[in-house]
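Shown next, in structure tokens, is the structure this report addresses.
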Amino acid sequence: MHRFGYKGKEFYCEETPITKIAKEVGTPFYLYSIGTFLDHYLKLKEAFKPVNALICFSMKANSNLTVLNALVKNGSGLDIVSGGELFRAKKVGVDPQKIVFASVGKRVEEIEEAIRSKILMFNVESEQELEVINQIAGKLKTTQKVAIRLNPDVAPDTHHYITTGSKENKFGIGMDEAYKLFMQAYRYPHLKLAGVHIHIGSQITDAKPFVKAIKRVLEFIDSVGYKGNPIEYLNIGGGLGIVYSKEKPQTAQEFANVILPLFLSRKDRLKIVLEPGRFISGNSGILVTKVLYEKRAKTKSFLIVDGGMNDLIRPAFYGAYHEILPVVKSAKPRYETADIVGPICESGDFLAKNRKLATVKVGDLLAVLSCGAYGFVMSSNYNSRPRVPEVVVRGKKFFVARKRETREDLIKNERIVTEVL
Ligand SMILES: *Cc1c(COP(=O)(O)O)cnc(C)c1O
């Protein structure tokens, strides 16, 4: 359960009215409920307790330091995809033995830094990458644990941009090729091929594709183990879906009820790792924006708001649906259908299309729900718009965790090159 909702006419984050925050920080802004982040994390942790799973929050979904710190202090590990994320992970003092590093394109410097930082393991995406990590580990005179990312060739029913586990995708290594790699583990003396990893896609709302993929992977683990290469870690990735509109996603417990029986009997030999991003963060955050103009033409109405695609790109990028609600409900709401669009010079700059909502007027605040995952982290400075603040709430208190960028921030790495004149 997320902790956003109306109390009377006012929309609240936990026990804090959003109008109060808007007055202080201005609009637009991202708003996170720390209680919701922790609740989602702890539910998953509790559900997977029977196998004592390691939960590594996928920080590409939300890498705000305050959010990461709250999760890490409650025991979470982190799933990183770059040197920049490793830097953030270290800032919040996560135990490096709870860091897993995924990405199809890890650079030499990033690998070296991660090994020096003593991370738990790399999720390896190709044979070449295996060779590179082996070489760097050798140079650093250490043995590094790695997991091979398998492509189990299942196609979950989700947006095609966010499926990652079918043969069509750039991710992972086919089962046959991966088998050969395990048989030739001796070629990598500085690596321990300790695990297998899958991540079959995102926003997957039922357990079936996970079951299918995990069954294939367990067979793989057995076939490799039979040849004398016992696998210690099974990382089942992230991808658990959430409610944006009318989805009926599995709860953490329902997911665990279906998944756990698959490997409960191996729990002393096989350590389970999960990398949820959206499940923990998606419904833990919103974007608050203000209505600038109403434009009502005969054929179509538009509400022009101060939050644009540079702040939240998911509608433009994935055609994603986000629920939008007035921050203050009117006493007698009338309803209309409108496109809710931003100020950016692009037709793709919309937050919602043909959306029925209670009539609002200029100056009213809107809450765009489910923006805690792939929201701020995907924002940009397009149209020279400073990135918006990230505010966190805990109960009755709110704090600016990342302040609004200034105009000076926009140009701080630039100089006017006069030599070109
Ligand atoms: C993006 C990603 C995740 C998190 O995905 P969610 O759908 O947000 O849970 C986990 N693992 C890997 C390898 C990823 O690329």
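Numbers here simply count residues along the sequence, with the first being 1. This one's a predicted model, so the numbers in the text were calculated from it and none came from an experiment. Counting starts at 1 for both ligands and their atoms, in listed order.
Side-chain contact check for Asn381 and Glu405: at least one donor-acceptor pair (N or O, by modelled atom type) lies under 3.5 Å. One side chain, Tyr244 or Arg278, offers a donor N or O that lies under 3.5 Å from an acceptor on the other. No side-chain N or O of Asn310 forms a donor-acceptor pair with one of Ser380 less than 3.5 Å apart.
Figure legend: Lys329 and Tyr6 shown as a cation-pi pair, the cationic atom lying under 6.0 angstrom from the six-membered ring centre and within 45 degrees of its axis. Judged by a 6.0 Å distance limit and a 45° cone about the ring axis, Arg355 is positioned over the six-membered ring of Tyr321.
Screening Arg149, Arg187, Lys180 for a salt bridge (charged side-chain N to carboxylate O under 4.0 Å, His left out) involving Glu127 leaves a single residue, Arg187. The only option from Leu240, Val258, Ile198 that meets the side chain to side chain contact (heavy atoms under 4.5 Å, CB included) definition with Phe210 turns out to be Leu240.
For ligand 1, none of its N or O atoms has an N or O atom of Leu240 under 3.5 Å away. Where the criterion is an N or O separation shorter than 3.5 Å, residue side chain and backbone included, His197 fails it with respect to ligand 1. Any N or O atom pair closer than 3.5 Å counts here, and Arg278 shares at least one such pair with ligand 1. By the 3.5 Å distance cut-off applied to N or O atoms, Gln203 is not counted among the residues near ligand 1. Here's the thing with Gly237: none of its N/O atoms is less than 3.5 angstrom from an N/O atom of ligand 1.
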Step-by-step ring pair (Phe, Tyr, Trp, His ring centres under 6.0 Å) determination, Phe182 to Phe220: CA-CA 10 Å; Phe182 275 98; Phe220 180 90; 5.7 Å; yes
Side chain to side chain donor-acceptor pair (under 3.5 Å) between Asp206 and Gln250, intermediate numbers included: CA-CA 6 Å; Asp206 87 305; Gln250 59 214 326; over 6 Å; no
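Using a 4.0 angstrom heavy-atom cutoff, Ala373 does not count as in contact with ligand 1. Close to ligand 1: Tyr374, with a non-hydrogen atom less than 4.0 angstrom away.
Closest to atom 2 (C) of ligand 1 among all protein heavy atoms lies Lys60 NZ, 2.3 Å. In terms of protein heavy-atom proximity, atom 7 (O) of ligand 1 is closest to Ser202 OG, 2.2 Å. Nearest non-hydrogen protein atom to atom 10 (C) of ligand 1 is Glu275 O, 3.2 Å. For atom 4 (C) of ligand 1, the closest non-hydrogen atom of the protein is Ser58 OG, 3.3 Å.
Residue Asp79 has at least one heavy-atom neighbour below 4.0 Å for each of these atoms of ligand 1: 10 (C), 11 (N), 12 (C).
Proximity of Phe279 to ligand 1, defined as any heavy-atom pair under 4.0 Å, is not found for any part of the residue.
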